[in-house]
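Working notes, beginning with the structure itself.
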Amino acid sequence: MASKASIPKGTRDFSPAEVSKRNYIIKTIQENFQKFGFQPIETPTFENSDTLMGKYGDEGDRLIFKILNSGDFLKKVGENTFSTKDSLKFAPKISEKALKYDLTVPFARYVVQHQNEIDFPFKRYQIQNVYRADRPQKGRFREFTQCDADVIGSDSLWQEVEFIQLYDAVFSNLKLEGVHIKLNNRKILSGLAEVIGESDKLIDFTVALDKLDKIGEEGVKKEMLDKGISENAIENIQPIFNFKGDFSEKITLLESLLSNSEVGQKGIKELKFLQNAIDAMPLQTAKLDLDVTLARGLNYYTGAIFEISAPENVNMGSIGGGGRYDDLTGIFGLKNMSGVGISFGLDRIYLVLEELDLFPETITENTKVIFINFGETEAMYAMKAVRALRAKNIAAELYPDAAKMKKQMTYADKRNIPYVVLAGGNEMNAEVYNLKNMKTGEQNAVNLEELIAKFV
RNA sequence: GUGGAUGUAGCUCAGUUGGUUAGAGCACUGGUUUGUGGUACCAGGGGUCGUGGGUUCGAGCCCCAUCUUCCACCCCA
């Protein structure tokens with residue numbers, strides 16, 4: 001029985017127009033990745049479960065798609081495991097593979113596995129789909145595309161500078177103005193936790209702080225109290241709730257706040273380095289912000305943290321993010337490899353460009369000219385011209401059937417094909433082609449040479 | 001994983017306190033126009049009202065379950 005045609009929730013089909021638009025974004029990102037010296041790699045769509053499990057925290061484990069083993073896998077499960085009905089214990093017995101959850105962890109695995117073939121520092125980019133068993137929402141899918149660039153094997157802060165410039169270059173090329181590159185540093189967060197004497201609650205502290213723009217000052221304080229952070233400690237960091245001003249003013253404020261924290265001072269030094277570099281080489285369209293409430297990827301980020309927020313007039317969360325991780329490959333047994341990387345969220349950038357109507361108009365235009373089919377001998381005459389045009393790299397096609405003129409014209413119009421050639425008996429005798437501009441309606445007879453010249 | 005909305009033609013949506021044969025616009029097909037599309041006019045095709053149960057003489061409308069999509073939380077691109 002034929003089932004109703006459908007796709008799993010959180011996944012999408014892409015129409016020709018959508019693919020064209022996606023390719024436009026991908027091409028822009030890819031060109032810039034290459035311009036900045038990154039080389040492409042690809043990793044499998046699925047990995048061994050133990051490569052992924054435990055790398056993203058408990059929440060992450062829950063969101064990893066697990067792949068059922070092949071064969072009669074239940075036979076291999078012991079009666080004990082079976083009868084306890086404990087999914088956590090049961091799952092690994094029947095599933096040894098999982099869909100990849102992001103590009104960073106598989107990249108770390110790749111680096112460790114191929115360390116002897118890689119020339120460090122290794123600059124790689126990767127544009128692939130990743131999968132999350134999340135509940136879909138606006139701009140949130142279960143299959144989506146990430147575009148990552150990472151450098152591994154260098155702890156130079158110039159890499160951070162380059163990534164800020166890379167973000168700026170891509171969004172400038174896409175004509176997306178008003179993008180904010182939000183910057184923070186794990187060392188600043190550690191410093192803050194340190195000076196209030198709550199270093200052991202760093203994660204709770206930062207996760208709560210991260211919600212400042214969402215639940216407000218009171219909400220954050222309440223969450224901190226709930227997590228066991230003392231009232232006194234919260235008072236000590238009161239200034240960061242009114243953290244206003246430009247980059248320099250914020251740094252000054254942090255300097256006094258973190259004067260007693262060694263790690264905090266280190267974070268400030270890094271921020272200053274980036275600020276100096278960007279001051280000397282200003283960004284084109286993006287804006288660099290210092291945002292101490294930014295706390296993403298704390299499971300592995302150790303230095304800089306980036307997050308890209310869409311222009312304020314669109315309701316979309318972050319459209320990219322990244323950061324510095326000092327020991328990502330350590331979990332796979334390769335120590336002392338500092339890395340830093342960023343990611344572009346293709347699907348969200350798409351939604352933003354769509355909402356702001358920023359896709360170029362010609363993007364869905366592919367075929368430049370279509371030939372009307374008047375019958376077999378006329379089709380042969382047309383096909384010779386089609387072949388000549390294609391030889392010159394011009395996308396041309398012949399309508400396959402000798403259908404009614406109206407139908408063929410409508411087809412050209414719907415396909416957004418800018419030119420139509422009408423060549424019937426009269427034109428054949430005169431050895432010309434009647435070229436019609438679909439936009440202006442203009443029409444004139446040209447010979448084959450002139451026809452080709454129109455398009456090159 | 002938690003909470004709240006939603007689903008009627010290919011698409012966007014009407015559909016009265018439950019009452020005959022479920023509508024519109026757009027799209028599609030054909031015609032006005034047998035060598036000219038995008039504008040106009042005429043005609044036509046297309047829906048077991050998400051799915052499965054239930055209440056009722058009678059359900060698109062009420063009840064239950066389930067799925068989809070959307071929104072918020074958690075988390076995140």
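Chain letters run A, B, ... following the sequence lines, proteins first, then strands; residues in each count from 1.
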### Task
Might you work through the side chain to side chain contact (heavy atoms under 4.5 Å, CB included) test for R142(A) and F65(A), ending with a clear yes or no?
CA-CA 9 Å; R142(A) 304 220 281 190; F65(A) 273 110; 4.1 Å; yes

Using atom [atom1] of each nucleotide, how far apart are [N] and [M] to the nearest Å?
| N | M | atom1 | answer |
| --- | --- | --- | --- |
| rC70(B) | rU56(B) | C1' | 33 Å |
| rG37(B) | rU32(B) | P | 12 Å |
| rC41(B) | rG46(B) | P | 24 Å |
| rC49(B) | rC62(B) | C1' | 15 Å |
| rC26(B) | rU68(B) | C1' | 24 Å |
| rG23(B) | rG60(B) | C1' | 12 Å |
| rC11(B) | rU51(B) | P | 14 Å |

Parallel, tilted or perpendicular, as decided by the 30° and 60° cut-offs, for the rings of [Y] and [X]:
| X | Y | answer |
| --- | --- | --- |
| F455(A) | Y419(A) | perpendicular |
| Y167(A) | F306(A) | perpendicular |
| F344(A) | F171(A) | tilted |

### Task
Determine whether Y350(A) and E18(A) make a side-chain contact, defined as any pair of heavy atoms from C-beta on separated by less than 4.5 Å.
yes

Does either side chain, that of [X] or that of [Y], offer a donor lying less than 3.5 Å from an acceptor on the other one?
| X | Y | answer |
| --- | --- | --- |
| Y56(A) | D102(A) | yes |
| E397(A) | T367(A) | yes |
| S338(A) | D155(A) | no |

### Message
What verdict does the side chain to side chain contact (heavy atoms under 4.5 Å, CB included) test give for F163(A) and F36(A), after you've listed the backbone C-alpha separation in whole Å, the side-chain angles of each residue and the deciding distance to 0.1 Å?
### Response
CA-CA 9 Å; F163(A) 281 124; F36(A) 278 72; over 6 Å; no

Rounded to whole Å, please give me the gap between [atom1] in [X] and [atom2] in [N].
| X | N | atom1 | atom2 | result |
| --- | --- | --- | --- | --- |
| Y56(A) | rC76(B) | OH | P | 12 Å |
| F344(A) | rA77(B) | CZ | P | 14 Å |
| R140(A) | rC76(B) | CZ | P | 9 Å |
| F65(A) | rC76(B) | CZ | C1' | 14 Å |
| Y131(A) | rC75(B) | OH | C1' | 21 Å |
| E143(A) | rC76(B) | CD | C1' | 17 Å |
| K100(A) | rC76(B) | NZ | P | 20 Å |
| L99(A) | rA77(B) | CG | P | 18 Å |

Atom pairs under 3.5 Å: protein N/O with N/O of nucleotides 3-7 of chain B:
residue : atom : partner : partner atom : Å
rG3(B)  : O6   : R135(A) : NH1          : 3.4

### Message
Does E354(A) have more than 12 heavy atoms from other residues, nucleotides or ligands lying within 6.0 Å of its CD?
### Response
yes

### Query
So does R387(A) have more than 12 non-hydrogen atoms from other groups sitting under 6.0 Å from CZ?
no

### Summary
For RNA chain B, consecutive-pair runs of 3 or more (Watson-Crick or G-U wobble, both H-bond-type distances under 3.5 Å) give B:1-5 with B:69-73, B:10-13 with B:23-26, B:28-32 with B:40-44, B:50-54 with B:62-66

### Task
Please assess R124(A) against D148(A) for the test side chain to side chain contact (heavy atoms under 4.5 Å, CB included), listing each intermediate value before the final yes or no.
CA-CA 8 Å; R124(A) 84 85 172 81; D148(A) 277 26; 3.9 Å; yes

### Task
Indicate for each nucleotide in nucleotides 32-44 of chain B, in 5' to 3' sequence, whether protein heavy atoms under 4.0 Å reach the base (B), only the sugar-phosphate (S), or nothing (-).
B--BBBB------

### Query
Near RNA chain B, under 4.0 Å by heavy atom, which residues of residues 8-44 of chain A?
K9(A), G10(A)

### Message
Going by side-chain hydrogen bond (donor to acceptor under 3.5 Å, both in side chains), name the residues that satisfy it together with E47(A), two or more places apart in sequence or in a different chain.
### Response
R109(A)

## Note on the structure
For T45(A), the side chain to side chain contact (heavy atoms under 4.5 Å, CB included) test, sequence neighbours excluded, returns L99(A), Y131(A)

